[in-house]
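To keep things clear, I will list the structure first and then write my remarks on it.
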There are 2 protein chains.
Amino acid sequence: MNLKQLSEILGLSQTTVSRALNGYPEVNAETRERVEAAARKHNYSPNRRATSLATGRSMTIGHVIPASTQHEMVNPIFGDFVAGAAGVYGEEGYDMLFSHVTDGDEERAYTDLKRKGTVDGVIVQGPKVNDARIEVLTRLGLPFVVHGRSSGAGQDYSWVDVNNRRSFKRATEFLLDLGHRRIALINGLEDMDFAQRRRAGYLEALAERGVTPDPTLMRSAEMTEVYGHHETRDMLALSDPPTAILAASMISAIGVRRAIEEAGLTIGKDVSVITHDDELSYLRNGQDVPIFTATRSSVHQAGRVLAEMLLRRIEDPTAVPEQILLEAELVVGRSTGPAPTGD
Amino acid sequence: MNLKQLSEILGLSQTTVSRALNGYPEVNAETRERVEAAARKHNYSPNRRATSLATGRSMTIGHVIPASTQHEMVNPIFGDFVAGAAGVYGEEGYDMLFSHVTDGDEERAYTDLKRKGTVDGVIVQGPKVNDARIEVLTRLGLPFVVHGRSSGAGQDYSWVDVNNRRSFKRATEFLLDLGHRRIALINGLEDMDFAQRRRAGYLEALAERGVTPDPTLMRSAEMTEVYGHHETRDMLALSDPPTAILAASMISAIGVRRAIEEAGLTIGKDVSVITHDDELSYLRNGQDVPIFTATRSSVHQAGRVLAEMLLRRIEDPTAVPEQILLEAELVVGRSTGPAPTGD
DNA sequence: TGGGAATTTGAAACCGCTTTGGACGCCGCA
DNA sequence: TGCGGCGTCCAAAGCGGTTTCAAATTCCCA
């Protein structure tokens with residue numbers, strides 16, 4: 001059942017039927033009702049491809065996934081983020097499209113997306129320091145918003161980010177207040193912008209208290225469980241091991257905990273742990289009392305906020321970019337305690 | 001730059017240019033080269049919407065996400081599965097589209113997808129027992145493949161599944177061989193088909209050894225960390241607690257471990273644990289020696305296999321359905337040991 | 001040397017929708 | 001009575017490709 005058939009059944013022109021269904025004013029109320037009834041009856045809904053060819057809008061939002069390492073997608077954070085965004089898209093009638101870039105040439109991927117008209121806008125995930133995508137997208141004039149920021153990217157662009165610097169600074173201060181001096185940082189990949197900011201916050205807190213940072217206590221890699229475990233085990237074996245650890249995600253924190261327990265130590269007593277908690281649905285930080293003391297910020301919520309922002313930009317691409325900086329809470333759980341007295 | 005402009009530049013008809021670019025044989029080799037060079041030079045690539053309107057193929061694959069509970073998406077398994085599938089789509093020039101269904105009416109969602117022509121085929125995730133989607137899709141004639149199976153769904157359809165019954169049977173037998181008799185099952189939601197099969201395997205093993213199943217040792221819910229922890233804590237507080245636990249995923253197993261350790265017990269000694277391991281990238285089961293004894297089957301690989309199968313079906317929708325049953329390995333880690341002797 | 005086959009190209013129809021530019025009838029007002 | 005304006009509706013021109021059908025050219029061989 002397409003528009004032509006429907007209009008023939010009704011004895012009307014395609015024009016009128018189309019207008020009736022799209023809520024244009026210049027159609028008789030009675031006619032409109034007839035049309036709507038017929039559409040319902042015959043289960044008609046317009047062909048998306050034809051509509052978008054005619055209007056120039058595709059009603060879909062793109063998420064580009066770099067293939068080489070499919071970091072984004074397999075990262076458990078991805079699901080919650082995307083689910084948040086998907087909720088908004090659904091409400092507004094948008095679909096969500098994932099494009100898989102074969103190799104590093106994201107520039108080409110975006111150019112294609114723009115030219116092929118597959119999407120109306122894109123969300124940029126996992127921005128790196130000085131991320132080239134931002135320049136490409138502004139040049140192409142394809143509406144976009146960034147989840148996070150990219151230091152060094154000159155342009156004025158729209159983003160939503162957590163105040164990573166401040167939250168990790170606060171977490172570090174919290175540990176310093178508890179008397180810890182040997183505080184380790186198990187960070188995410190440091191070419192990621194957020195990881196840089198977290199490290200900056202951590203260093204800032206140490207500096208203000210006159211604690212000299214120890215490079216052997218600063219680790220950085222992808223935020224997996226195995227990595228958290230590996231680095232922790234490694235550091236606990238040092239002659240002067242850390243008494244506190246800052247982890248970048250629940251997943252790596254779980255590895256941290258495993259290593260601590262394997263070493264026969266008690267978390268929150270022998271070694272304190274603070275993690276960043278994205279409030280993943282499947283990995284809640286405990287039900288009543290938090291398992292980990294944590295800097296908390298919902299990535300699901302971030303997905304929603306970003307999606308809404310993007311749809312606004314699509315509506316009015318010339319508007320000045322918006323920026324939202326979310327503050328993370330510091331919630332106290334059972335994984336932190338006073339520094340053990342060296343005796 | 002569109003086809004018309006390009007053809008004018010070349011002084012050729014749109015027909016010829018289109019043919020040259022799409023590899024039709026009836027075009028002069030020299031002409032083809034000229035066209036290809038010009039296309040490269042002017043950075044031309046055909047508009048996806050127009051192409052798909054003309055051909056009737058959208059070159060995108062749909063994944064439908066039930067909105068109510070966005071289980072699928074936030075499940076960490078989702079990312080790895082989808083990444084596997086995305087790899088295949090990318091290689092074959094397909095895009096991946098997520099549709100967000102507002103409420104339970106998936107029937108309508110699929111009907112729309114079909115009628116609007118948004119996708120060429122869909123992957124059905126998380127099939128329930130007697131899943132209605134299968135009937136709807138066969139009726140609509142929209143190519144699809146199912147990740148898992150659905151008992152009771154009459155039709156003959158294409159699927160890829162892990163032999164859940166057998167793998168959980170083997171795991172249970174493994175524990176029985178170690179002398180365990182009070183074996184708990186912390187299952188996924190039991191309206192999910194895979195959970196039913198796992199339970200069946202578990203019960204089968206018990207029955208063959210003459211062990212009467214204890215309903216208080218059989219739990220079922222969404223496979224989160226908190227849930228694994230909660231149920232384990234609960235069961236360990238029983239007057240006659242289990243000496244072994246079968247968990248449905250790495251995530252819940254982590255909760256299980258936390259509860260065991262909180263109870264002051266040792267995993268693999270006081271309580272044995274076997275989990276199913278989907279080989280999630282961010283949650284590997286240890287690096288060298290597995291953390292958990294586990295039934296192992298890569299969900300990433302399953303994603304690939306399903307995607308390939310779906311593309312085959314799209315190619316030839318009339319072909320007889322394919323079915324692939326993957327066997328899970330049973331890998332022995334450090335979370336299992338002989339049943340503690342009751343003294 | 002002529003004619004049928006093979007090769008190469010093009011005009012135009014079509015995919016299913018939106019939207020522009022009228023057309024038509026009717027009303028109200030001068 | 002005449003005419004502008006309003007309310008409704010429609011024919012047709014896009015949107016940017018693919019594909020059918022036919023034409024023009026070249027080739028080959030009797």
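Just so it is clear: chains get the letters A, B, ... in the order the sequence lines come, proteins before strands, and each one is counted from 1.
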Can we say A:Asp191 and A:Lys128 salt-bridge, meaning some charged N sits less than 4.0 Å from an Asp/Glu carboxylate O?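 Salt bridge flag = yes for A:Lys128 with A:Asp191.
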Give one of base, sugar-phosphate or nothing for A:Thr31, where a contact means two heavy atoms less than 4.0 Å apart.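 If one applies the 4.0 Å heavy-atom cut-off, A:Thr31 turns out to touch the sugar-phosphate alone, with no base involved.
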For DNA chain D, what string of dots and brackets results from 5' to 3' when Watson-Crick and G-U pairs need both distances under 3.5 Å, crossing pairs get [ ], and pairs with another strand get |? ||||||||||||||||||||||||||||||
Look at the rings of [X] and [Y] and say which category their plane angle falls in: under 30° parallel, 30 to 60° tilted, over 60° perpendicular.
{"X": "A:Phe144", "Y": "A:Tyr157", "answer": "parallel"}
{"X": "B:Phe81", "Y": "B:His147", "answer": "parallel"}
{"X": "A:Phe78", "Y": "B:Phe78", "answer": "parallel"}

Let me know the distance between [atom1] of [X] and [atom2] of [N], rounded to the nearest Å.
{"X": "B:Arg57", "N": "D:dG17", "atom1": "CZ", "atom2": "C1'", "result": "16 Å"}
{"X": "B:Arg48", "N": "D:dC15", "atom1": "CZ", "atom2": "C1'", "result": "17 Å"}
{"X": "B:Leu10", "N": "C:dT9", "atom1": "CG", "atom2": "C1'", "result": "14 Å"}
{"X": "A:Asn28", "N": "C:dC26", "atom1": "CG", "atom2": "P", "result": "14 Å"}

Which of these passes side chain to side chain contact (heavy atoms under 4.5 Å, CB included) with B:Val17: B:Val27, B:Asn22, B:Leu10, B:Thr31? B:Leu10
Quick one: are B:Val146 and B:Ile134 in side-chain contact, heavy atoms under 4.5 Å?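 A side-chain contact under 4.5 Å exists here.
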Scoring nucleotides 10-19 of chain C by protein non-hydrogen atoms under 4.0 Å (B base, S sugar-phosphate only, - none) yields BBB--BBBBB
